[in-house]
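Fair warning: this is a prediction, and the values are worked out from it, not measured in the lab.
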Amino acid sequence: MNSADLLDLEKKYCSYGDTVHYAENPKIFSRCEGSYLFDEKDMRYFDLQMWYSAVNLGYANKNINTAVKKQIDTLPQIASQYLHQGKIELAARLCTETEKRFGVKGRVHFNVGGAQAIEDALKLVRMRTKANGVFAFMGGYHGRTIAASAITSSYRYRSRFGHFGDRAFFVEFPYAFRCPEKGVDITDYYISKFKRLFETEYHGIYDSRDGACEYRAFFAEPIQGTGGYIIPPKNFFKELKKVLDQYGILLVVDEIQMGFYRTGKLWSIEHFDVVPDIIVFGKALTNGLNPLSGIWAKEGLIEPSVFPPGSTHSTFASNPLGTTAGLATLEAFDNWTDRERDIEGKGKYFLNKLKQLKEKFPQIIGDVDGLGLALRIELCGDDGQVPSKKRADFIFNEGLRGDLIYDGKPIGLILDIGGYYKNIITLAPNLLITEDEIDMVSELLSQLFDRVKKNGI
């Protein structure tokens, strides 16, 4: 059956509600390898978003795939209420690695997807604080399940469904390029605004008489993902944590998109010198081979007398195929001895290429930035400031046409668009990307920006 026939069936039988129709002409892919996806004609497309940073070690990674194939022939499935070796070993590995970084003991609790793990974190917070209000950032994205959408800042995700319990007080994220006050200290500007919320009860969050805050946890992406790969100042989270500690507010960091070395560190929060109370993870834990997620929490929050058996449960959580893929993924990183330095070096090299593109196309690119291999290109109008969703959409669809040229051969480019104004190209390439591939990608992006000019977009 060819793509046209499949798309006809898709129009009749598939829901359009699961986000597959962002492209003008949806692609049907047939195979994958490394950084590439291939369509039915075996046309190659270089993927610069790697399944929203789920496939950090490349598609069809041989070692991880081999481990999963072996597991299929031994213990492919077992109910999550029972134990198996992979679950215990993976939890131990994650806890050991996290303790090395933060000097704090904790435990891991598994689930099947990022949003579900966010819900587990919300339950943990509720059990500890008895409060159902949390802080979250404007521009933050934590998922589309009922509770996760309640703390995701986009009203679009809940406008059709309403509210079901948990709620969030949304705080501005330190967005330097869009800061309304120019020439200010970014950390001081945004932290001062947050501190003022506690000055009087009439700001709606704090009872100064009893010293009680209605919002008892702060759910934060250290680097905003869907919000546009916005990177805060180095000292921002340290200053934020001082305020949270003063008022007894837990810090929950969402590492679903930035975890597992996307930024060069196991957890992106490591760049900011604070110790979180809870870490939520998913996506790249299994290199995208299995929907396995989870939370790490400090011992005092999650030990069995506080969070007893049955507190939350999912049939497929900690399934053997997922935990095997997770262990193989961590082993692959272990075998990459200079991983942090390599990713940092590649990130700086790629960011320098983006800065060159910004110099070449100043009337299209307003801002570029990056940390490790999480990078951003903010597309603007001719003034370099006004967000241009139109240009972002055009570039996204042109990349999928498969008619860019490199080395005399046609190639496509898979991009992702994010940001508050849907005008930012967010780049999350394969962490194994080479400098030669970065050079190629830079040339392909340059071709796309040339098309913007030639078409008067």
Side-chain angles (χ1 to χ4, degrees), residues 10-11 13-24 26 49 51-54 111-123 125-126 131-175 178 180 190 193-194 197 203-205 214-221 223-230 252 254 256-257 280 282-283 291 293 376 378-379 386-394 396-397 415-426:
E10 190 263 349
K11 288 179 182 178
Y13 300 115
C14 293
S15 165
Y16 278 27
D18 54 6
T19 71
V20 296
H21 280 268
Y22 289 149
E24 291 176 357
Q49 59 102 14
W51 200 1
Y52 310 110
S53 190
N111 211 315
V112 294
Q116 290 85 348
I118 288 288
E119 302 233 358
D120 285 344
L122 285 165
K123 290 175 182 178
V125 167
R126 180 81 68 86
N132 69 339
V134 302
F135 291 107
F137 278 121
M138 296 178 188
Y141 178 85
H142 301 289
R144 303 197 198 193
T145 55
I146 293 300
S149 65
I151 68 169
T152 291
S153 69
S154 176
Y155 177 53
R156 177 170 62 89
Y157 298 137
R158 53 186 179 276
S159 61
R160 299 177 184 88
F161 314 114
H163 291 267
F164 291 86
D166 289 282
R167 64 189 187 281
F169 189 105
F170 293 107
V171 175
E172 290 183 75
F173 193 83
Y175 190 172
R178 295 287 173 195
Y190 286 100
K193 293 185 76 171
F194 183 57
L197 295 174
H203 286 145
I205 67 167
E214 187 173 6
Y215 300 86
R216 298 295 304 280
F218 203 130
F219 278 67
E221 296 169 286
I223 297 169
Q224 292 204 322
T226 300
Y229 282 26
I230 304 171
V252 183
D254 180 341
I256 295 167
Q257 191 163 162
V280 186
K283 288 190 186 297
S293 65
R376 70 193 304 270
E378 182 147 355
L379 302 174
V386 176
S388 181
K389 180 179 184 298
K390 183 178 181 181
R391 286 177 168 176
D393 288 342
F394 174 81
F396 171 79
N397 284 293
L415 302 168
D416 191 42
I417 303 299
Y420 295 21
Y421 305 96
K422 301 303 178 190
N423 70 313
I424 297 172
I425 300 173
T426 55

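Screening Q224, Q257, R376 against Y229 for a side-chain hydrogen bond (donor to acceptor under 3.5 Å, both in side chains) leaves a single residue, Q257. If you run side-chain contact (heavy atoms from CB on, under 4.5 Å) between D416 and each of I424, T426, T226, only T426 comes through.
For the pair F396/E24, no side-chain contact is recorded, criterion being any heavy-atom separation below 4.5 Å from C-beta on. Counting only heavy atoms from C-beta outward, the side chains of D393 and K389 approach each other to under 4.5 Å. M138 places none of its side-chain heavy atoms less than 4.5 Å from the side chain of F173. Residues R126 and R216 fail the side-chain proximity criterion, which asks for heavy atoms closer than 4.5 Å. The shortest distance between side-chain heavy atoms of V280 and I256 falls below 4.5 Å. Residues Y16 and E10 form a side-chain contact, since some pair of their non-hydrogen atoms from C-beta on lies under 4.5 Å apart.
Ring orientation note: the planes of F218 and F137 are tilted relative to one another, at an angle of 30° to 60°. Ring planes of F169 and F135: perpendicular class, angle over 60° (limits at 30 and 60°).
Going from atom OG of S149 over to atom NE2 of H142 covers 11.5 Å, rounded to the nearest 0.5 Å.
For the 3.5 Å distance criterion, the side chains of N132 and R167 qualify, holding a donor opposite an acceptor.
Between Y420 and Y175, the gap from one ring centroid to the other is short of 6.0 Å. Between Y141 and Y157, the distance from one ring center to the other falls under 6.0 angstrom.
For the pair T152 (side chain) and S154 (backbone), a donor-acceptor distance under 3.5 Å is absent. The main-chain N or O of N111 is never found under 3.5 Å from a side-chain atom of Q116 such that the two would form a donor-acceptor pair.
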